[in-house]
Amino acid sequence: MDDLEPKISILCLGPKGSGKTTLLKKLQDAEGVDYTYSPVPTIGTNIYDIQYLNKQGKKQVATVREVGGEMASLWNNYYDGIEKVIFVVDTSNLCQISAAAVMLYTLLAEPKLRNAKFILVLSKMDAAYRQMRNEALLMLQFARLSTELKNAPVLLEASPLTGVGLEELRNHLAENKRPVVTIKI
């Protein structure tokens with residue numbers, strides 16, 4: 001692993017059981033992440049190094065700190081120096097989406113994160129849950145976020161188990177400038 005560029009400060013947050021650990025393990029290309037995989041809820045933090053090639057073709061490592069959903073009241077201890085926030089929402093759990101919206105809006109209003117790039121990941125976007133996408137976006141008021149915030153989150157749909165959306169997320173981790181994304185809802 002020669003010619004590594006400096007690590008990027010990235011925080012991965014979301015409610016308990018939203019799929020943060022599975023998503024990050026799959027981005028790491030960990031073995032054994034399939035339909036039989038059953039992660040243990042993160043009580044505390046985990047650190048993941050995710051490798052990718054930047055636009056110049058150089059190897060780069062993004063260091064991602066996952067902070068468990070159970071620790072939401074302590075998330076603010078991890079905001080210093082954060083450049084990107086991956087916020088994961090489980091689209092298969094409509095009951096949890098309202099709580100996720102409150103968490104997301106709290107993060108977006110946090111002064112320490114005002115310059116951070118937000119990536120909103122709708123997780124568990126397997127075929128059985130595709131119909132819940134629109135309901136999740138309505139509950140999160142994503143259309144309103146997109147028009148009213150100058151630092152609106154980028155929206156990604158992902159399924160760690162099928163691999164859908166993982167390469168797009170990896171590309172957003174590699175970007176240095178804030179991407180401009182238009183999503184019609």
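Being a predicted model, the structure only gives us computed values, none of them experimental.
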Practice item. Decide yes or no on side-chain contact (heavy atoms from CB on, under 4.5 Å) for Leu27 and Leu169, but give the supporting numbers first. Key: CA-CA 9 Å; Leu27 280 172; Leu169 178 55; 3.5 Å; yes

**Study point:** Side chain to side chain, Pro153 and Ile119, heavy atoms closer than 4.5 Å
**Key:** no

Check your understanding: Among Leu104, Leu145, Leu156, Val154, whose side chain to side chain contact (heavy atoms under 4.5 Å, CB included) with Leu120 holds?
Key -> Leu104

Exercise for review: May I ask you to check whether Ser18 and Gln96 show a side-chain donor-acceptor distance below 3.5 Å?
Suggested key: no

Point to revise | Among Asn46, Ile47, Ile50, the one residue meeting side chain to side chain contact (heavy atoms under 4.5 Å, CB included) with Leu24 | key: Ile50

Practice item. State the CG-OG distance between Leu122 and Ser92, to the nearest 0.5 angstrom. Key: 11.5 Å

Review point. Of all heavy-atom pairs between Phe118 and Leu113, which one has the smallest distance, and what is that distance?
Key: CE1-O, 3.8 Å

Exercise for review: Search all heavy atoms of Lys20 against all heavy atoms of Val67 and return the closest pair with its distance.
Suggested key: CE-O, 3.7 Å

Exercise for review: Would you indicate whether the side-chain heavy atoms of Arg65 and Ile10 approach each other to under 4.5 Å?
Suggested key: no

Point to revise | Distance, nearest 0.5 Å, that separates CD of Gln28 from CG of Leu23 | key: 11.0 Å

Exercise for review: Spell out, as yes or no, whether a donor-acceptor pair under 3.5 Å connects the side chain of Arg144 to the backbone of Gln141.
Suggested key: no

Check your understanding: Got a donor-acceptor contact below 3.5 angstrom from the Tyr79 side chain to the Pro111 backbone?
Key -> no

**Study point:** Reported CG-to-OG1 distance for the pair Asp90 and Thr22, which is rounded to 0.5 angstrom
**Key:** 10.0 Å

**Study point:** Any side-chain donor near an acceptor of the partner, Thr63 and Asp49, under 3.5 Å
**Key:** yes

Practice item. I would like to know whether Tyr52 and Gln60 meet side chain to side chain donor-acceptor pair (under 3.5 Å); could you show each step before the answer? Key: CA-CA 6 Å; Tyr52 58 89; Gln60 189 164 354; 3.3 Å; yes

Practice item. To the nearest 0.5 angstrom, please state how far the CZ atom of Phe142 sits from the CZ atom of Arg133. Key: 9.0 Å

**Study point:** Taking every non-hydrogen atom, the tightest pair across Gly14 and Met103
**Key:** C-SD, 4.4 Å

Exercise for review: Provide the closest heavy-atom pair for Ile43 versus Met71 in the form atom of the first, atom of the second, distance.
Suggested key: C-SD, 4.3 Å

Review point. Below 4.5 Å, heavy atoms only, C-beta onward: do Asp80 and Lys112 meet side chain to side chain?
Key: yes

Check your understanding: Between Thr91 and Ser123, is there a donor-acceptor pair closer than 3.5 Å when you use the side chain of the first and the backbone of the second?
Key -> yes

Exercise for review: Following the transitive rule for hydrophobic clusters with a side-chain heavy-atom cut-off under 4.5 Å over Ile, Leu, Val, Met, Phe, Trp and Tyr, establish whether Val102 and Val88 coincide in one cluster.
Suggested key: no

Check your understanding: Roughly how far apart are Ser98 OG and Asn93 CG, rounded to 0.5 Å?
Key -> 10.0 Å

**Study point:** Validation row: Leu155, Leu137 side chains within 4.5 angstrom (heavy atoms)
**Key:** yes

Exercise for review: Compare every heavy atom of Leu94 with every heavy atom of Ala136, then report the nearest pair and how far apart it is.
Suggested key: N-CD2, 4.4 Å

Review point. Hey, what do you get for CG (Leu108) to CZ (Phe87), rounding to the nearest 0.5 Å?
Key: 9.0 Å

Study note, to complete from the structure: Minimal heavy-atom distance between Lys16 and Glu70, with the atoms involved, is CD-OE2, 2.8 Å

Review point. Have Thr42 and Glu66 got a donor and an acceptor in their side chains that come within less than 3.5 Å?
Key: yes

Exercise for review: Would you check if the side chain of Gln56 reaches a backbone N or O of Lys58 as a donor-acceptor pair within less than 3.5 Å?
Suggested key: no

Check your understanding: Between Lys84 (side chain) and His172 (backbone), is there a donor-acceptor pair under 3.5 Å?
Key -> yes

